[in-house]
Number of protein chains: 2
Amino acid sequence: MEPLDERSKQILYAIIQSYINKPDPVGSRFVTKKYAFGFSPATIRNIMADLEELGFLSQPHTSAGRVPTDKGYRFYVNSLLGQDRNPDTSGIESAFIDNFSRKLDDIKNDINGMFSEVSNTLSSMSSYVGVALPPKPEKTHFNRIDFMKYKGDHVVAVILTDEGVMKHKIIKTDPLLSQDDLNRIAEYLNSEYAGRTIDDIKSVLIGRMKADKVLWDKLISRAITLCEEILSFSESDIYFSGLHDVMNLPDFSDISKIKEISKAIKDKHTILRLLDQLSNNEGVQVMIGNENPVDEMKNLSIVTSTYKEGDSHMGLIALIGPTRMDYSKAIFMVETVAGCISRTLKG
Amino acid sequence: MEPLDERSKQILYAIIQSYINKPDPVGSRFVTKKYAFGFSPATIRNIMADLEELGFLSQPHTSAGRVPTDKGYRFYVNSLLGQDRNPDTSGIESAFIDNFSRKLDDIKNDINGMFSEVSNTLSSMSSYVGVALPPKPEKTHFNRIDFMKYKGDHVVAVILTDEGVMKHKIIKTDPLLSQDDLNRIAEYLNSEYAGRTIDDIKSVLIGRMKADKVLWDKLISRAITLCEEILSFSESDIYFSGLHDVMNLPDFSDISKIKEISKAIKDKHTILRLLDQLSNNEGVQVMIGNENPVDEMKNLSIVTSTYKEGDSHMGLIALIGPTRMDYSKAIFMVETVAGCISRTLKG
DNA sequence: TGTTAGCACTCTCCTTGTTCGAGTGCTAAT
DNA sequence: ATTAGCACTCGAACAAGGAGAGTGCTAACA
């Protein structure tokens, strides 16, 4: 990407900010009025023409103003990501963080409630669609498992992790196993594996299974496979919110646009895979419009951030909105909320 | 309501069916062509004018065809509800029922999965919004409770009912209680209360609490209050699906219409209260447009049916769609699915 | 008396034409 | 390098007119 001179940059940013603020194509006259660069419209026009040639802007039609392209947004976002972003945390922001942190702390033991709260907050503060993915199960730390006999030949297995992830599954077993048997198995598992990650347990298990095959270990290994199964990520572990509010954005005044974003949310598979890819890189990431590998989302942008517990990053949160997104705000929000989550998980 | 002569009825039904089929105002000429009543358009016109005067039809504007009013739909639906409706269950319907019943049976132990499946099926078969409410907790039968110590001063309580409802809650307790204590409490509760309904247990408890106040019973009573709390209905226990598909209906081509239905879904409180009212009456019920007490839903219709386990009705399912709903189909679907659920819960 | 044909009328929708304003690109002057 | 001026383009908004669908009413008919 050839370097833009400072003046062109400033004008590009001005145009983008103006467009983000109000989705009207912005004309040269408007730029000179609103942002006092000290140049006449004609000069601005020249620069705009250059910017268009470089692919940062486009015209809906001759004689309309300019509109940022995805490439334009990308340039803008890169500059945002590059700069040190600590908007005055003394103002409302700080109050919000305190408040939100306290709320999280209250419900940190109920991971479901917590992440549904997170997605709600994200969406209501931004008016975009908020997404929250709880910690990846295999990264979490096994806390305890319990088995409960249920209706004769069924067993309910309940698993807890240190992070507060709680899952259960009802399975059919042979009715020979008594509740006592189950308790002993559970006790063994709890004492043996508490505190270790699921990944860890898995690898231990593989070695152990090779070692011996007595009944007891068979049961155990079956229990562990069960753990694995139970703790695997399921579609219902993804939290969305804000579809309703997003409809108020002018970008989605058309029903087909709404369908796009609603489809994106509905196809949890797709978005889960997409977010999974993003979760490999740490920190804030932005995916703009056509950068998105999923066809149905070429008109949408995603701003994500991973959160972590200690050193390992656990999961991520995201905002999905139109390409004409307030990236500055979105990035700030996502980053801040991720920070709160990390802090809560740590404490 | 003054009785309509047979001919007028037939014409009214024809108009409604045609309009349900395709949302174009239907004219007198069209009626004579499509449905061979053997009368000329002029005659039909006279009758239509009468029907309009009676409030069953209305004209969007002079010289457009007629459109059914809510009152018209009501008349039509009443006739549907009155008649014996057993559409040939030999055809696809029967295959569907078999298939669906089998599916339900597979997952009947996981009540969440089951009801999310129900709402999915409802919506995908009808292209309206499917709603499913799991059995009211207080009507369900307590099966067992277990307590698990968690992180020193917390306890996880897990409750199961015979119907497969499973809930859990993490509470803070004094760390004095050992896991053994907890086990004993659980064992006591399980042996004492298994098989009884929550309602039942509540009333027993009230008597017991008055009787004595020794520590043991204090613990128990606390545990039971906990049961109550855990088992109380929460907003997340309502399953919606199909908002995305509903957007394809011409009735929702306008974004403001979509907002209406999306708001109805979002405000779980409101709809929960509404459905709760409906759940007092047994069987299929239809609420058309302005019959709806909720202002935001005056343009929507709801078709519900309760399902039961044995004799007591447990919860309900519903379809929400435009007033121009295919009531015949919706009623059939809701009734059929409710039947499947009842059968599954029984078996 | 119920039904029908005929006719004038009404209203929407679509097309066409026109104007207006915003914004552009280009060129010549500064 | 910047600016003023000017001709040009395009879309939005509005008005006018015609086509089409459907109505209500009246008079004739079986």
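Chain identifiers are assigned alphabetically (A, B, ...) following the order of the sequence lines, protein sequences preceding nucleic acid strands; residue numbering begins at 1 within each chain.
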Value for NZ (A/K263) from NE2 (B/H244), rounded to nearest 0.5 Å, stands at 6.0 Å
Under 4.0 Å, heavy atoms only, any strand: does A/F39 hit a base, just the sugar-phosphate, or nothing? sugar-phosphate
With a 4.0 Å cut-off on heavy atoms, is B/T62 in touch with a base, just the backbone sugar-phosphate, or nothing at all? sugar-phosphate
Nearest atoms (heavy-atom pairs only) where A/G289 meets A/T323: CA-CG2, 3.4 Å
Heavy-atom nearest pair, B/S40 first then B/T32, reads C-CG2, 3.6 Å
Parallel, tilted or perpendicular: which one describes the rings of B/Y327 and B/Y76, with boundaries at 30° and 60°? perpendicular
How many Å lie between [atom1] on [X] and [atom2] on [N], as a whole number?
X	N	atom1	atom2	value
B/K33	D/dG22	NZ	P	11 Å
B/Q59	D/dG22	CD	C1'	8 Å
A/I44	D/dA4	CD1	C1'	15 Å
A/R29	D/dT3	CZ	P	15 Å

Modelled atom types, side-chain donor and acceptor of [X] and [Y], under 3.5 Å:
X	Y	answer
B/T69	B/S58	no
B/S8	B/D5	yes
A/S241	A/N120	yes

Reading DNA chain C in the 5' to 3' direction, which nucleotide is the first one with an atom under 4.0 Å from a heavy atom of chain A, and which is the last? C/dA22 to C/dG25
Could you pick out which residue, A/G65 or B/P60, lies toward the 5' side of DNA chain C when each is mapped onto its nearest nucleotide? B/P60
Terminal axes of the helix from C/dT1-D/dA30 to C/dT30-D/dA1 (five pairs each): angle between them, nearest 10 degrees: 20°
If you define the side chain from C-beta out and look only at heavy atoms, does anything of B/R66 sit under 4.5 Å from B/L51? no
Is A/K257 close enough and on-axis enough to A/F252, meaning under 6.0 Å and within 45°, for cation-pi? no
By nearest nucleotide on DNA chain D, pick out whichever of B/S63 and B/N46 is the more 5' one. B/S63
